[in-house]
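Below you'll find the structure, written out as structure tokens, and then a few comments.
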Amino acid sequence: MAQTKFDKQVEETAESLVLGIGRVLAGRDLDGIRRTDATFLRSGTRVLPKVEGRVPRRSYRAGWQRVAFRLTLGAGVTESGYLLSRDLDATVQSAQDLWENRDQAVAALETGGIGAASVLTIGGVAYGLLTREHRELMREWVLPLHEALHRPLGYAEQTEARRYLHIPKNFSDDDAEIRVDLPTHLGFSREVVADLITQKLALEGVTFSWHPEGRKPYVLVKKTRRPPAKAVFKDPKVRELVAKAPESAPVIGIGAGGRTVSVDLDAESPHILVNASTGGGKSVTLRCITCQMLHHGARAYVLDTKRISHPWARGIPAVTYCADIADIHDALVELGWEGRRRVRVADELGIDAAPDAIGPRLLILLEEVNATMKQLARYWEKTRESGDPKVSPAVDALNEILYMGRQVRMHVLLVAQSATARALGGPEVREQFATRILARYSVNAWRMLAPEIHPAPKSTKHAGRAQVVIGGTARETQVLFFTDAEARAWATTGLATTDKKRPAVPAQPGPVQLQKSPGPSAPPTDFLTDAWSTTLPADTSTNAPAPAPAADGAFPADAWSATPSAPTATPGDDATSTTPATPTPTPADPAPVDDDQAVGLREAHEHHLPDITLAALRYARQNDPTFPGSAGKRGAELLYRVGDLKRWARNRPRAAIGTTDLE
């Protein structure tokens with residue numbers, strides 16, 4: 001029998017009713033369309049793909065919540081209908097009474113209406129005031145971030161932003177925490193998502209903690225606590241931190257939360273690279289590290305073509321200051337020989353030997369490497385002879401020192417405005433600097449020196465603020481600030497005055513004959529040999545020569561003993577006396593080399609240093625701690641080696657044109 005149209009309508013209605021009841025009990029939308037990723041037990045966070053139109057808020061609720069709401073609503077409606085039907089007669093009688101007393105009813109309704117309207121108005125105003133900050137947060141920050149993030153994360157545009165963007169009202173505070181729920185497929189770029197979050201929320205100095213595991217992946221964004229605005233050595237707390245720092249781990253500065261930032265030269269990184277633009281505090285950073293190392297008995301070589309970067313270090317017995325490119329070249333060559341000697345000593349002593357056995361710790365401060373490396377190359381092109389290697393032996397020596405590592409206790413502190421691979425001699429050379437300090441850096445500089453850290457923290461012009469990168473982690477640091485006087489005082493106290501049994505620290509080189517720089521195979525000169533001697537008090541009258549190296553380049557055992565310095569008396573230069581001169585050349589002596597002859601200041605001015613007046617030479621002898629010591633006497637007149645005077649003239653401080661210091 002054919003089914004009638006009525007029967008079909010009955011079946012369709014019954015089927016729709018059964019489906020509707022099933023959807024109601026399952027907590028699904030009544031139209032059967034699944035719009036979000038909500039399940040019966042879990043609330044939804046995002047709209048499913050290909051869903052069109054606005055998604056109501058109830059679609060994000062878990063199924064059991066919707067079932068509970070529907071059952072409660074149905075029960076309330078049923079109960080209201082039952083009560084209404086049961087009390088229908090009473091309701092009709094009440095309506096008749098109201099009609100008969102309609103004037104009183106109208107008056108009551110007016111009073112009640114006014115009260116209800118007042119309550120609604122006050123409630124609406126209060127609700128608007130209480131939710132104003134939330135609405136501003138959604139309008140100004142959450143929704144714009146959703147518009148930028150939904151495509152990279154793969155969310156539908158209709159997804160309600162607050163379902164996966166958990167941004168507190170005080171998200172810009174230091175202790176705020178932002179949470180972003182991520183899709184389970186993780187098919188997005190972390191770099192892009194991190195960049196969008198920092199840009200749309202205008203965040204600075206934040207860290208991203210990614211949690212991709214499980215069915216609820218998310219990322220936490222926290223604002224790092226900033227370092228102090230200043231960190232000065234005169235602060236008693238800072239001074240105490242510096243005093244307690246180990247000998248091999250000088251304090252660089254104060255980081256977030258008051259944590260001390262330092263680098264262990266024996267465990268973490270033997271060499272340090274400082275990269276900053278002009279005014280970024282490069283010299284301040286090196287001054288901070290160097291004066292602490294000198295305090296513990298280290299020896300420093302300042303190779304400064306600018307001449308004015310470290311005036312505090314001039315004249316300190318443990319510091320050799322080279323400002324002329326020829327002296328920088330010679331110093332690097334001799335330091336290369338010293339590094340090879342230390343390698344041999346370390347090999348002979350074995351792994352159980354004390355670190356001090358190979359010699360005191362050596363710091364090599366190489367200022368403005370971009371300009372210095374070019375000058376070294378040009379200097380070698382002018383001075384090299386036929387058969388010499390094309391590459392400067394000073395550059396080769398620097399590379400050798402960088403590769404020798406921490407065992408030889410030689411550390412390079414290199415300063416650059418742009419530490420490119422070309423400036424340093426190749427990318428493999430740059431990799432020897434495991435510790436890198438960046439200040440006022442560009443985006444390109446960060447990508448070049450710290451590509452493993454992304455996103456790059458925003459550079460700041462705050463005085464003394466830098467990023468210290470160690471082991472793939474960047475720590476924002478307020479570098480310790482030493483004044484010139486504080487740095488000099490700290491460098492000349494400590495181990496140098498409290499421990500008399502330590503190995504002698506090198507003094508400022510005494511009279512040394514400067515010759516043409518030796519090639520890679522030439523034997524070492526007496527440059528470092530003289531450097532291992534220390535000066536005795538000024539009233540000592542002896543003048544013993546410094547020990548010379550053995551034929552194989554190793555220093556004899558007594559090379560560590562203190563060597564007396566020259567007398568410091570300053571009689572007139574032109575005074576005459578019948579006292580025998582010391583030394584007095586005899587006719588049988590061979591003619592001395594020009595730069596090795598001993599002359600008085602007047603003769604030095606007339607024949608060797610015409611650009612420096614006699615008065616200036618006498619003033620420097622009295623006031624400049626780097627002025628060379630006397631080489632003998634001619635009567636009462638002090639004599640000086642010509643080579644020492646020429647070296648002093650080349651390396652003497654000049655008028656400052658500018659400085660990168662922060663004071």
Side-chain angles (χ1 to χ4, degrees), residues 37 42-47 60 133-157 159-228 255-259 261 438 441 443 446-447 450-460 462 465-478:
D37 61 343
R42 179 173 56 86
S43 300
T45 59
R46 63 185 179 89
V47 175
Y60 291 95
E133 293 183 358
H134 175 73
R135 286 184 283 107
E136 290 181 354
L137 175 69
M138 294 294 296
R139 181 177 65 253
E140 299 294 335
W141 302 103
V142 179
L143 292 179
L145 180 60
H146 163 69
E147 292 176 359
L149 275 183
H150 73 84
R151 286 189 181 87
L153 291 178
Y155 287 157
E157 186 177 359
T159 301
E160 191 172 356
R162 63 179 181 175
R163 294 293 173 178
Y164 72 98
L165 298 177
H166 308 284
I167 303 176
K169 298 177 182 178
N170 60 339
F171 69 90
S172 60
D173 293 349
D174 290 342
D175 56 349
E177 182 178 284
I178 300 172
R179 172 171 171 159
V180 178
D181 295 332
L182 304 173
T184 54
H185 60 76
L186 301 178
F188 57 86
S189 172
R190 292 188 179 185
E191 297 179 357
V192 172
V193 172
D195 284 341
L196 291 175
I197 293 175
T198 54
Q199 292 178 22
K200 298 302 291 185
L201 297 182
L203 299 175
E204 294 183 7
V206 294
T207 58
F208 290 82
S209 179
W210 300 88
H211 299 272
E213 66 279 355
R215 66 176 185 177
K216 293 183 178 181
Y218 63 95
V219 57
L220 288 179
V221 185
K222 296 181 180 179
K223 196 168 185 179
T224 57
R225 299 179 63 183
R226 307 305 295 270
R259 293 189 294 270
V261 179
L438 294 90
Y441 47 85
V443 176
W446 185 269
R447 291 175 179 172
E452 69 277 11
I453 301 174
H454 193 87
K458 187 177 180 180
S459 180
T460 176
H462 184 94
R465 191 63 53 87
Q467 294 285 345
V468 179
V469 180
I470 305 176
T473 302
R475 288 177 283 184
E476 189 176 13
T477 305
Q478 185 66 28

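Pairs passing the salt bridge (Lys or Arg N to Asp or Glu O under 4.0 Å) check and including a residue from residues 191-201, sequence neighbours excluded, do not occur.
Partners of E177 according to the side chain to side chain donor-acceptor pair (under 3.5 Å) rule, which considers only residues two or more places apart in sequence or in another chain, do not exist here. For E476, the side chain to side chain donor-acceptor pair (under 3.5 Å) criterion is met by R226, R465, not counting sequence neighbours. Here S209 pairs with H211 under the side chain to side chain donor-acceptor pair (under 3.5 Å) rule; sequence neighbours left out. The salt bridge (charged side-chain N to carboxylate O under 4.0 Å, His left out) test applied to E133 returns no partner, not counting sequence neighbours. Annotation: side chain to side chain contact (heavy atoms under 4.5 Å, CB included) contacts of R162 (sequence neighbours excluded): R57, H134, M138, E160. Every residue two or more places apart in sequence or in another chain that forms a side chain to side chain donor-acceptor pair (under 3.5 Å) with N170 is listed here: D173. Looking at residues two or more places apart in sequence or on another chain, you find a side chain to side chain contact (heavy atoms under 4.5 Å, CB included) between H166 and R179, D181.
In this structure, the separation between CZ on F171 and CG on L137 is 6.5 Å, given to the nearest 0.5 Å. Between the CG atom in L182 and the CZ atom in F188 there is a gap of 4.0 Å [rounded to 0.5 Å]. To the nearest 0.5 angstrom, I178 atom CD1 is 15.0 Å from Y218 atom OH. The structure places CD1 of I167 at 5.0 Å from CG of L201, a figure rounded to the nearest 0.5 Å.
Contact check for L220 versus F208: no side-chain heavy atoms found under the 4.5 Å cut-off. Counting only heavy atoms from C-beta outward, the side chains of E452 and V469 approach each other to under 4.5 Å. Counting only heavy atoms from C-beta outward, the side chains of P217 and L186 approach each other to under 4.5 Å.
For the pair G255 and P228, the tightest heavy-atom approach, listed with the atom from each and the gap, is O-CD, 3.8 Å.
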Under 3.5 Å, which donor-acceptor pairs do the side chains of residues 139-152 form with other protein atoms, sequence neighbours left out?
{"unit_1": "H146", "atom_1": "ND1", "unit_2": "Y164", "atom_2": "OH", "d": "2.7"}
{"unit_1": "H146", "atom_1": "NE2", "unit_2": "E157", "atom_2": "O", "d": "3.0"}
{"unit_1": "H146", "atom_1": "NE2", "unit_2": "T159", "atom_2": "O", "d": "3.4"}
{"unit_1": "H150", "atom_1": "ND1", "unit_2": "Y155", "atom_2": "O", "d": "3.4"}

